[in-house]
2 protein chains.
Amino acid sequence: MPTISDVARVAGVSTATVSRVLNGNTEVDAAMAARVRTAVDQLAYRPSRIARSLRTRRSAVLGLVISDIRNPFFTDMVRGVEDVAFANGYSVVLCNSDENLGKERDYLQLAIAESMAGVILAPASLDETDVSALTGPGIPVVTVDRRAPDPAVDRVLIDNARGARLAVGHLVDQGYRRIACVSGPTTISTGAERLAGYRAVVRSRRLRTGAELIRFADFHEASGRSAMSELLAARQDIDAVFVANNLMTLGALQAVADAGLVIPDDIAVVGFDDMSWAPLLRPPLTTVAQPTYDLGAETARLLLDRINGFTGPGRELVLPPTLRVRASSAPRRER
Amino acid sequence: MPTISDVARVAGVSTATVSRVLNGNTEVDAAMAARVRTAVDQLAYRPSRIARSLRTRRSAVLGLVISDIRNPFFTDMVRGVEDVAFANGYSVVLCNSDENLGKERDYLQLAIAESMAGVILAPASLDETDVSALTGPGIPVVTVDRRAPDPAVDRVLIDNARGARLAVGHLVDQGYRRIACVSGPTTISTGAERLAGYRAVVRSRRLRTGAELIRFADFHEASGRSAMSELLAARQDIDAVFVANNLMTLGALQAVADAGLVIPDDIAVVGFDDMSWAPLLRPPLTTVAQPTYDLGAETARLLLDRINGFTGPGRELVLPPTLRVRASSAPRRER
DNA sequence: CTGTTAGCGCATTCAT
DNA sequence: ATGAATGCGCTAACAG
């Protein structure tokens with residue numbers, strides 16, 4: 001592994017000059033610069049990002065803390081973050097918090113120990129996530145997909161309440177009246193906002209209401225399945241359901257199948273998060289699609305802004321969801 | 001950000017002693033060690049991983065180069081890698097090569113510049129991927145899921161030929177005889193091996209053969225769809241199809257739907273890679289399931305072995321796939 | 001415009 | 001068993 005000194009020796013200049021050529025900050029005589037570049041090529045020299053980081057107190061690494069990479073919602077988003085990050089010379093370290101505040105805290109500490117340039121975080125909790133450990137040492141943070149307590153941090157969100165209103169409003173328009181909801185945890189902002197959207201439509205359209213129409217699950221498949229089973233067992237008369245995320249929808253569909261019900265004749269279904277396979281289900285699934293790739297890409301841009309010195313109050317970028325109407329919410333037919 | 005000197009001052013010892021306590025290599029007097037630990041807690045000191053890396057010439061970061069994080073096959077695998085890595089104090093930097101040898105090379109260079117402890121690579125090409133840039137500077141490499149040219153590198157693979165034989169043999173057992181194949185690129189070992197498995201069964205069971213029964217695609221959805229459309233257009237008489245990966249299967253199912261055919265009555269389908277939603281398709285999809293999480297976890301273990309000094313010839317770990325029989329390959333009925 | 005020099009924070013000799 | 005001193009490779013003052 002050649003070092004900057006090797007390059008300097010071969011090019012017949014000082015290490016400072018090599019550094020200047022490589023970083024292009026100050027002007028260097030063209031002939032000298034050419035000699036340096038030749039030496040760099042000849043030795044196949046690559047600057048040590050470690051040494052550079054130690055010196056500049058800032059590494060070209062971004063931390064990306066999400067709840068679980070196995071949730072397909074996050075993968076497009078991760079890809080958006082990565083593409084923008086790598087295009088700007090940054091690498092991305094991926095961390096799964098498993099919705100666990102302890103793990104989340106450990107990863108934020110890791111960001112400090114690694115002197116990461118910045119961190120993108122999908123907070124595990126709406127009010128308990130604490131990013132002060134990072135903002136103290138001056139490591140910029142942007143939250144993605146979910147809100148955190150600190151209004152000073154930039155955030156990129158989906159308009160979840162609107163998405164939920166689109167979904168439930170659509171069900172009403174299609175003739176459904178007894179609409180249940182499989183909600184996520186309200187300790188996570190997406191869970192709280194989607195439930196709020198559901199409730200808003202229930203109220204404004206004067207639908208049947210009541211706690212027995214709502215079940216809470218943890219955004220995973222298994223709990224979505226049992227929540228749906230409970231709904232079906234408790235209320236034979238529900239005619240539609242809004243499920244607040246992708247994995248729970250998977251579980252809910254299984255519960256519907258377990259109960260021997262037919263979609264949409266016995267019960268209509270709308271899920272949050274579109275998936276590539278949603279059109280292939282029988283019947284094809286109506287969903288609220290989120291601009292996941294852009295969500296990640298925009299978040300990375302806001303973070304790079306901060307890394308590059310932007311200061312100012314916390315910014316909030318809200319991206320719109322879209323309703324994708326398919327046959328699982330076909331107009332209600334009298335039975 | 002406190003440094004090791006701050007800790008040393010507070011504890012009234014030298015920095016060398018602090019370092020020794022933190023790394024636990026040599027024996028330190030118990031009382032002194034206690035003083036150090038108290039100071040560490042008091043200052044909330046976290047060693048700089050950057051400085052440590054510069055000094056030891058080895059960072060606690062693993063590179064993970066795959067083709068695309070959006071392919072659900074990789075996400076479970078990534079999770080397996082991460083869990084093992086983090087449990088051993090390593091972080092994971094994720095890189096998408098997009099099956100592009102240029103990007104792959106860039107990321108391997110990044111591993112050098114970052115002095116990464118090791119790299120896990122799903123090679124973009126069976127014979128053109130070149131890891132010598134890493135093995136030169138002594139950075140261990142393990143390939144995952146796919147083979148690379150260098151027999152000296154450890155590798156963890158799925159028995160793809162066996163998986164394909166399970167799939168196609170099952171179709172034969174169910175009564176299908178004119179079995180087509182949507183194959184992946186044979187420049188990637190998984191593509192080549194799955195096609196070989198298909199051909200082995202075609203030969204041994206004396207099925208109809210011929211180039212018109214095989215179409216090549218690039219492991220993505222769009223090309224899988226057009227490949228399947230071509231097969232259906234060219235041969236009205238095929239009664240089953242084996243599709244060599246998950247995304248192409250998604251495309252193939254769309255093509256079948258486009259053609260107005262019914263599965264399995266008009267055509268039976270078996271795909272490679274099980275997905276959580278495969279049972280929810282109508283009809284549920286028969287697949288070859290791969291132990292993806294273990295694939296990643298085992299790969300990380302082999303890599304850590306190397307990082308911890310294991311030397312020896314290239315090892316090969318081959319994990320078994322499993323056939324998950326569902327209704328898309330129900331016994332053939334005469335028409 | 002270029003070279004000399006110092007030091008980022010740590011682990012590791014070499015003395016003691 | 002402990003401390004003093006050194007240097008990993010690089011960038012940023014500063015001097016020239």
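Protein chains get the first letters and strands the later ones, always in sequence-line order, with residue 1 at the start of each.
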Worksheet entry | Residues which pass side chain to side chain donor-acceptor pair (under 3.5 Å) with A:Arg49, listed by chain and number, not counting sequence neighbours | A:Ser91, B:Glu114

Response to the item:
Residues pairing under salt bridge (charged side-chain N to carboxylate O under 4.0 Å, His left out) where one sits in residues 84-98 of chain A, two or more places apart or in two chains, turn out to be A:Asp98-A:Lys103, A:Asp98-B:Arg79

Worksheet item: Listed by chain and number, what are the salt bridge (charged side-chain N to carboxylate O under 4.0 Å, His left out) partners of A:Arg306, not counting sequence neighbours?
Response: A:Asp154

Worksheet item: For the helix from C:dC1-D:dG16 to C:dT16-D:dA1, how many degrees between its two end axes (five pairs per end), to the nearest 10°?
Response: 40°

Worksheet item: Between the side chain of B:Arg155 and the main-chain N/O of B:Val153, is any donor-acceptor distance below 3.5 Å?
Response: yes

Practice prompt. For B:Ser19, check side chain to side chain donor-acceptor pair (under 3.5 Å) against everything at least two apart and list the hits.
Written response: B:Asn23

Practice prompt. May I have the distance from B:Met1 (atom CE) to C:dG9 (atom C1'), rounded to whole angstrom?
Written response: 11 Å

Worksheet item: Residues in side chain to side chain donor-acceptor pair (under 3.5 Å) with A:Arg70, at least two apart?
Response: A:Asp68

Discussion item. Both B:Met32 and B:Leu54 contact DNA chain D. Which one's nearest nucleotide lies toward the 5' end?
Written reply: B:Met32

Worksheet item: With A:Tyr293, which residues qualify under side chain to side chain donor-acceptor pair (under 3.5 Å), at least two apart?
Response: A:Asp83

Worksheet entry | For chain A, the stretch of DNA chain D it reaches, first to last nucleotide, under 4.0 Å of its heavy atoms | D:dG9 to D:dA13

Worksheet item: Taking only residues two or more places apart in sequence, or in another chain, which ones meet A:Phe86 in a ring-ring contact (aromatic ring centres under 6.0 Å, His included)?
Response: B:Tyr107

Report, one line per pair, each donor and acceptor closer than 3.5 Å where one atom sits in a side chain of residues 1-8 of chain B; sequence neighbours left out.
| unit_1 | atom_1 | unit_2 | atom_2 | d |
| --- | --- | --- | --- | --- |
| B:Thr3 | OG1 | B:Ser5 | N | 3.2 |
| B:Asp6 | OD1 | B:Arg9 | NH2 | 3.0 |
| B:Asp6 | OD2 | B:Thr3 | N | 2.7 |

Practice prompt. Mind jotting down which residue pairs meet the side-chain hydrogen bond (donor to acceptor under 3.5 Å, both in side chains) criterion with at least one end in residues 129-149 of chain B? Sequence neighbours excluded, please.
Written response: B:Glu99-B:Arg146, B:Glu104-B:Thr129, B:Asp130-B:Ser132, B:Arg147-B:Glu193, B:Arg147-B:Glu316

Practice prompt. Heavy atoms under 4.0 Å is the rule here; annotate nucleotides 10-16 of chain C 5' to 3' with B where the base is hit, S where only the sugar-phosphate is, and - elsewhere.
Written response: BBB----

